[in-house]
Protein chains: 2
Amino acid sequence: MTSARTPTGAVPRGRRAGRSTGDDRETAILATAERLLRERPFGDISIDDLARGAGISRPTFYFYFPSKDAVLLTLLDRVTEEANAAAGDVLDRLAEDPRARWRELIARFHAAFGGHRDVVLACAQVRGTNPEVRRLWAEVLERWVRAVQAAIESERARGAAPDGLPARDLAIALNSMNERVWYATFAGDGPAVAERDVVDVLLDVWLTAIYRTTTPPPVRSPAGTP
Amino acid sequence: MTSARTPTGAVPRGRRAGRSTGDDRETAILATAERLLRERPFGDISIDDLARGAGISRPTFYFYFPSKDAVLLTLLDRVTEEANAAAGDVLDRLAEDPRARWRELIARFHAAFGGHRDVVLACAQVRGTNPEVRRLWAEVLERWVRAVQAAIESERARGAAPDGLPARDLAIALNSMNERVWYATFAGDGPAVAERDVVDVLLDVWLTAIYRTTTPPPVRSPAGTP
DNA sequence: GAGGCCAGTCAACACCCTGTCGAGTCGATT
DNA sequence: AATCGACTCGACAGGGTGTTGACTGGCCTC
């Protein structure tokens, strides 16, 4: 865990070293994992399944990934990158139309996660048992919490949002809610919000918690004017 | 799963049948589980650990519990019963002083879960891999969701809370938030609200989501009068 | 083109954990 | 004392993980 970093600075989760034809094997393993995840839970997939699905033997699997969890971690990396990209700079343009922008943010995350629900669900399931997944998820969440915290503070600064809870605590609570609600919606077990409604339900709670109203004012609008 | 119910109607999770001296063995297993859970995660505890801790051999363990997970399920039963008892009839007395009652509700749950955080954390961790735990937790959550939903509807009926999201969706979102926020606070990994503040943070989001204000009016108070 | 290096490959092994089976012990009935 | 049911465990089967050591074949070097 102390050497061999990729050009982007991330710790490589795949092959131990070198570069060569084995690239397609690595992607075959990843593809097999995503495919199998669509039919059964992560815990019911053995390394042998992954290896055979990629056309190699079990020991050879270890040449490409140090463990089954590392495969999932790689998959999670992709999803979070996609989610981050989808979020873009929406939060920087909040004041234009707060309600529309917050909705856009939530809807984009919803789309990004929903598009890879099997991976997201599997990660949520192993987060309990795997410190690596837990750490990575914590990092990702921390990043979003900070962004939301900054956005709340900025909305307060321009007078659109009233003071209240520490912005960080509020950001943690709202992000946590989203995570858990999405999980239930995607997993479909236990009480869940219908997928069709989930974005608007989350949005409503966000707006009321941040602005005390579901129709926050855009920039430079005098108080009381719609 | 079709016979042998306890007096209360619950499916017994412990010994297969009969009653006798083995009672203390059963409690010894439970006690060992709670003790071990305090020092390491559930996944790192083997059935052998549980058995030896209770002074019996591994096969004998199976006389008392069908699996390791069943032990955890029994522990979870206790905690949820305690939480339900702690909640009491607080929601029926909401109108007296909404803010104080909601706070009481959240604070009591916090105390109940916090008092058995190791068990709660372990359950959250295996929920991903164990259908039984998932089902039980879903049931418990459903019960609370229904109670909160009814309370919201009643607050709306008396004019204390404005209309808005379907009460059930709102109840799901708020309960989900609490679950996830508590988990982070107790687990201590990732962004979390400080334990000292968590009740008030959650309360604030509940109140604004339900009432659009943090100071909802008590019963029969004319609008605008504190 | 002989030698060597190295990515890539897998059979076989050591290990750990789970769940079950069958043979037993022991105290309380009948 | 014969029987029954609660209770106990040694031993086994099965399935998963991670490692080892030998082998292959392309490619570079001298």
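This one's a predicted model, so the numbers in the text were calculated from it and none came from an experiment. A, B, ... follow the sequence lines: proteins, then strands. Residue 1 opens every chain.
Taking side-chain N and O atoms only, Thr60(A) has no distance below 4.0 Å to OP1 or OP2 of dT9(C). The side chain of Tyr64(A) contributes no N or O atom lying less than 4.0 Å from OP1 or OP2 of dA7(C).
One can place CZ of Phe42(B) at 14 Å from P of dC17(C), the figure rounded to the nearest angstrom. In this structure, the CG atom of Asp69(B) is 16 Å from the P atom of dC17(C), given to the nearest Å. Phe63(A) has its CZ atom 18 Å from the P atom of dG21(D), to the nearest Å. Taking atom CG on Asp49(B) and atom C1' on dC17(C), their separation rounds to 11 Å, with Å as the unit. If you take OH of Tyr62(B) and P of dC12(D), they are 18 Å apart, rounded to a whole angstrom. Straight-line distance from the CZ atom of Phe65(A) to the P atom of dT9(C): 13 Å, rounded to whole Å. Here the P atom of nucleotide dG18(D) and the NZ atom of Lys68(A) are 9 Å apart, to the nearest Å. The CZ atom of Arg52(A) sits 12 Å away from the P atom of dT17(D) (whole-angstrom rounding).
Side-chain proximity of Ile56(A) to dA6(D), dC10(C), dT17(D): nearest is dC10(C). With distances taken from any side-chain atom of Ile47(A) to the nucleotides dG18(D), dT20(C), dA11(C), the minimum falls on dG18(D).
Distance CG/Asp197(B) to CG/Asp204(B): 11.5 Å, rounded to 0.5 Å. In this structure, Leu121(B) CG and Phe186(B) CZ are separated by 8.5 Å, a value rounded to the nearest 0.5 Å.
Here Ser46(B) lies in heavy-atom contact (under 4.0 Å) with sugar-phosphate atoms only.
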| task | List the steps and the verdict of side chain to side chain donor-acceptor pair (under 3.5 Å) for Asn178(A) and Trp206(A). | result | CA-CA 10 Å; Asn178(A) 283 25; Trp206(A) 280 59; 2.8 Å; yes
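Under 4.0 Å is where a charged nitrogen must lie from a carboxylate oxygen, and between Glu155(A) and Arg101(A) no such pair does.
Looking only at distances, a side-chain donor or acceptor of Asp49(A) sits under 3.5 Å from a matching main-chain atom of Ser46(A).
For dG19(C), the base has a donor-acceptor partner in the side chain of Arg58(B) [N/O atoms by modelled type, under 3.5 angstrom].
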